[in-house]
K.L.:
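Here you go, one structure.
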Amino acid sequence: MPSDGAVRQPKYQRIAAELKAAIESGAYGPGDRLPGENDLMATYEVARMTARQALGVLQSEGLAEARKGAGVFVREFRLIRRRGVQRLAPGVWGDGRSIWAADTEDREPVVEFLGVTDEAAPDAVAVVLGLGAGATACVRRRRFLLDGKPVMLASSYLDAALVAGTPVAEPDSGPGGIYARLAELGHGPARFREEIRSRMPDPDEAARLGLAAGTPVVLVCRTAYTAEGKAVEVNEMVLDSAAYVLEYEFDAR
């Protein structure tokens with residue numbers, strides 16, 4: 001026990017910290033192979049499990065990825081900077097641009113449309129949307145990919161009666177997405193509210209996002225409101241925590 005009373009850091013965490021520092025300094029660049037378990041065992045005089053745990057830390061934090069039969073490599077994927085305020089400005093979707101594309105800068109995003117259905121909304125969503133007994137929600141489900149990697153799952157819930165027969169209920173909702181279509185219906189979003197939390201993924205989420213073991217997900221639940229305060233959409237998103245930086249910039253009041 002150290003004399004100052006501090007808890008001694010486990011060996012695998014110290015090894016992981018040194019590897020992270022080497023990545024940050026550029027000693028190991030994107031795509032470079034990191035020292036393997038045998039290398040770490042010899043260098044640090046530790047057991048295989050300790051070496052494996054150290055490499056596992058880098059993988060769980062999204063800094064490295066394992067390639068079957070080849071080793072562990074510095075991840076080449078560039079983080080997505082999700083600017084939570086600017087991306088929702090009317091100047092984005094109002095001009096026919098995709099909110100999702102606004103996050104990806106010079107990279108070409110891919111949206112896999114998983115389906116649109118009318119179904120019973122979860123109780124909490126139904127309350128927010130003000131859906132009465134027996135009312136149904138229009139649910140739009142998508143998976144978002146960047147550089148060939150799945151990074152987010154999203155399910156949007158809207159009042160089915162409000163959007164029936166409109167492009168919102170079709171696979172392709174048109175330029176600017178559903179917010180532009182809601183505006184055309186006289187129910188354009190004027191205010192947004194997002195709640196954010198983190199947890200471990202369920203097996204289906206882990207499979208759909210191709211997550212490495214131990215990687216948590218970030219849950220973002222966004223509600224869009226009209227100027228009159230009516231909720232017109234609830235969007236539940238599941239993000240690969242290792243793929244995103246969540247940025248919020250706003251004026252002080």
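Nothing here was measured: the structure is a model prediction, and the numbers come from that model. In what follows, every heavy atom counts, from backbone to side chain, and hydrogens, waters and symmetry copies are set aside.
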K.L.:
Considering all heavy atoms of both residues, which atom of A22 and which atom of S25 are nearest to each other, and what is their separation?
P.N.:
O-OG, 2.9 Å

K.L.:
Has T136 got a side-chain atom pairing as donor or acceptor with A160's backbone, closer than 3.5 angstrom?
P.N.:
no

K.L.:
Using only heavy-atom distances, determine whether the side chains of Y179 and E233 contain a donor-acceptor pair under 3.5 Å.
P.N.:
yes

K.L.:
Could you check whether E184 pairs with R181 (Lys NZ or Arg NE/NH1/NH2 to Asp/Glu carboxylate O, under 4.0 Å)?
P.N.:
yes

K.L.:
Can you tell me if D147 uses its side chain to pair, donor with acceptor, with the backbone of K149 under 3.5 Å?
P.N.:
no

K.L.:
Identify the heavy atoms of A227 and A190 that sit nearest to each other, and give their distance.
P.N.:
N-CB, 3.5 Å

K.L.:
Which pairs would a plain distance check flag for residues 33-40, meaning a side-chain donor or acceptor within less than 3.5 Å of a matching protein atom at least two apart in sequence or in another chain?
P.N.:
| residue | atom | partner | partner atom | Å |
| --- | --- | --- | --- | --- |
| R33 | NE | A70 | O | 3.1 |
| E37 | OE1 | R48 | NH1 | 3.1 |
| E37 | OE1 | R52 | NH2 | 3.2 |
| E37 | OE2 | R52 | NE | 3.0 |
| N38 | OD1 | R48 | NH1 | 3.1 |
| N38 | OD1 | R48 | NH2 | 2.8 |
| D39 | OD2 | G36 | N | 2.9 |

K.L.:
For the atom pair CG (L19) and CG (L55), what is the distance rounded to the nearest 0.5 Å?
P.N.:
6.5 Å

K.L.:
To the nearest 0.5 Å, how far apart are CZ in R14 and CZ in R8?
P.N.:
4.5 Å

K.L.:
Taking L219 as the fixed residue, which of E195, R197, M237 is the one that meets the side chain to side chain contact (heavy atoms under 4.5 Å, CB included) rule?
P.N.:
R197

K.L.:
Give the intermediate values and the outcome of salt bridge (charged side-chain N to carboxylate O under 4.0 Å, His left out) for residues R140 and E170.
P.N.:
CA-CA 9 Å; R140 298 175 56 87; E170 300 294 330; over 6 Å; no

K.L.:
According to a 4.5 Å side-chain heavy-atom criterion applied to Ile, Leu, Val, Met, Phe, Trp and Tyr, with indirect links allowed, do L239 and F144 form part of one hydrophobic cluster?
P.N.:
yes

K.L.:
Quick one: CZ on R191 to CD on E228, what's the gap to the nearest 0.5 Å?
P.N.:
11.5 Å

K.L.:
In terms of hydrophobic clustering (I, L, V, M, F, W, Y; side-chain heavy atoms under 4.5 Å; direct or indirect links), are V238 and V220 co-clustered?
P.N.:
no

K.L.:
Return the minimal non-hydrogen interatomic distance between V168 and S173, and the atom names on each side.
P.N.:
CA-CB, 4.4 Å

K.L.:
Quick check on the hydrophobic clustering: are I178 and Y225 connected, directly or via other members, by side-chain heavy-atom contacts under 4.5 Å?
P.N.:
no

K.L.:
Quick one: closest heavy-atom pair of V218 and S241, and the distance?
P.N.:
CG2-CB, 3.8 Å

K.L.:
Using a 3.5 Å cut-off and no angle test, enumerate the donor-acceptor pairs between side-chain atoms of residues 109-132 and protein atoms at least two apart in sequence or in another chain.
P.N.:
| residue | atom | partner | partner atom | Å |
| --- | --- | --- | --- | --- |
| E112 | OE1 | R143 | NE | 2.9 |
| E112 | OE1 | R143 | NH2 | 3.0 |
| E112 | OE2 | R143 | NH2 | 3.3 |
| T117 | OG1 | E119 | OE1 | 2.4 |
| E119 | OE1 | R141 | NH1 | 3.2 |
| E119 | OE2 | R141 | NH2 | 3.0 |

K.L.:
With rounding to the nearest 0.5 angstrom, report the OG1 to OH distance, T223 to Y157.
P.N.:
12.0 Å

K.L.:
Could you measure the distance from the OG1 atom of T50 to the NZ atom of K11? Nearest 0.5 Å is fine.
P.N.:
7.0 Å

K.L.:
For atom CE of M200, decide whether the heavy atoms of other residues, nucleotides or ligands shown that lie under 6.0 angstrom number more than 12.
P.N.:
yes

K.L.:
Between V163 and T166, which heavy-atom pair has the shortest distance, and what is it?
P.N.:
O-OG1, 2.7 Å

K.L.:
OH/Y244 to CE/M152 distance, rounded to the nearest 0.5 angstrom?
P.N.:
4.5 Å

K.L.:
Determine which pairs satisfy salt bridge (charged side-chain N to carboxylate O under 4.0 Å, His left out) with at least one residue from residues 15-32, sequence neighbours left out, and list them in order.
P.N.:
K20-E61

K.L.:
Could you check L153 against R142 for side chain to side chain contact (heavy atoms under 4.5 Å, CB included), going step by step and ending with a plain yes or no?
P.N.:
CA-CA 6 Å; L153 307 172; R142 294 90 68 207; over 6 Å; no

K.L.:
Please report the closest heavy-atom contact between Q59 and A66, naming both atoms and the distance.
P.N.:
OE1-CB, 3.4 Å

